[in-house]
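Residue numbers start at 1 and run along the sequence shown.
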Amino acid sequence: MSIHRVRGDSMSPSLCDGDFIVSFKGRLRRFKVDDIVVVQHSLYGVIVKRIKEVYPTDSFALIGDNPTSTSTEQMGTIEKNAIIGRVVLHIRRPHLPARNAP
């Protein structure tokens, strides 16, 4: 189990900058289309994306929920061993009240 803080808006509106997520990768876990996963990407570092397609070779195509996020083509095919875990819990960041102007 891993806890991560969402950085950026690539998964907005599903996940927003500052939200917290908990991911889990069980030994026998099968990932499926629409799972939200945390991935250690060779070029982009730790990213959070949705599984767009599952290939028979245990590799995946990912997509962000925000149209301006890194494209599936830019990310390339992701191998199963690059997946840190599937998101199992989402905690929205607390919204602070606006400050009163002095």
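Note on V48 and V22: separate hydrophobic clusters, where clusters join Ile, Leu, Val, Met, Phe, Trp and Tyr whose side-chain heavy atoms are under 4.5 Å apart, directly or indirectly. Under the 4.5 Å side-chain heavy-atom criterion for ILVMFWY residues, a single connected hydrophobic cluster contains both I3 and V88. Cluster membership check: V39 shares its hydrophobic cluster with L43, using side-chain heavy-atom separations under 4.5 Å among Ile, Leu, Val, Met, Phe, Trp and Tyr.
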Would you tabulate the side-chain donor-acceptor contacts of residues 52-64 under 3.5 Å, counting partners in other chains and residues two or more places apart, or write 'none'?
unit_1 : atom_1 : unit_2 : atom_2 : d
T57    : OG1    : S59    : OG     : 2.9

Check: residues 13-21 side-chain donor-acceptor pairs under 3.5 Å, at least two apart:
unit_1 : atom_1 : unit_2 : atom_2 : d
S14    : OG     : D65    : OD2    : 2.5
D17    : OD1    : G8     : N      : 2.9
D19    : OD1    : R93    : N      : 2.9
D19    : OD2    : C16    : N      : 2.9
D19    : OD2    : H90    : NE2    : 2.7

- request: Using the side chain to side chain contact (heavy atoms under 4.5 Å, CB included) rule, take I78 and H41 through it: C-alpha gap first, then chi angles, then the decisive distance, then the call.
  value: CA-CA 8 Å; I78 305 300; H41 193 278; 3.5 Å; yes
Derivation of the side chain to side chain contact (heavy atoms under 4.5 Å, CB included) call for L89 and I91: CA-CA 7 Å; L89 180 63; I91 303 165; 4.1 Å; yes
task: Test H4 against S23 for side chain to side chain contact (heavy atoms under 4.5 Å, CB included), laying out the working first.
output: CA-CA 8 Å; H4 307 272; S23 67; 3.4 Å; yes
- prompt: Passes side chain to side chain contact (heavy atoms under 4.5 Å, CB included), T72 versus Q74? Steps please.
  reply: CA-CA 6 Å; T72 302; Q74 289 171 306; over 6 Å; no
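Residues V46 and R7 fail the side-chain proximity criterion, which asks for heavy atoms closer than 4.5 Å. Between R86 and F24, every side-chain heavy-atom pair lies at or beyond the 4.5 Å cut-off. M75 is listed as a side-chain neighbour of I47, based on a closest heavy-atom distance under 4.5 Å. The shortest side-chain heavy-atom distance between V38 and V87 falls under the 4.5 Å cut-off.
Partners of S69 under the side chain to side chain donor-acceptor pair (under 3.5 Å) rule, at least two apart in sequence or in another chain, do not exist in this structure. Residues passing the side chain to side chain contact (heavy atoms under 4.5 Å, CB included) test with E73, sequence neighbours excluded: S71.
Under the salt bridge (Lys or Arg N to Asp or Glu O under 4.0 Å) criterion, the residue pairs touching residues 32-49 are R29-D35, K32-D35, with sequence neighbours excluded.
Nearest heavy-atom pair, G85 versus K25, reported as atom, atom and distance to 0.1 Å: CA-CB, 3.8 Å.
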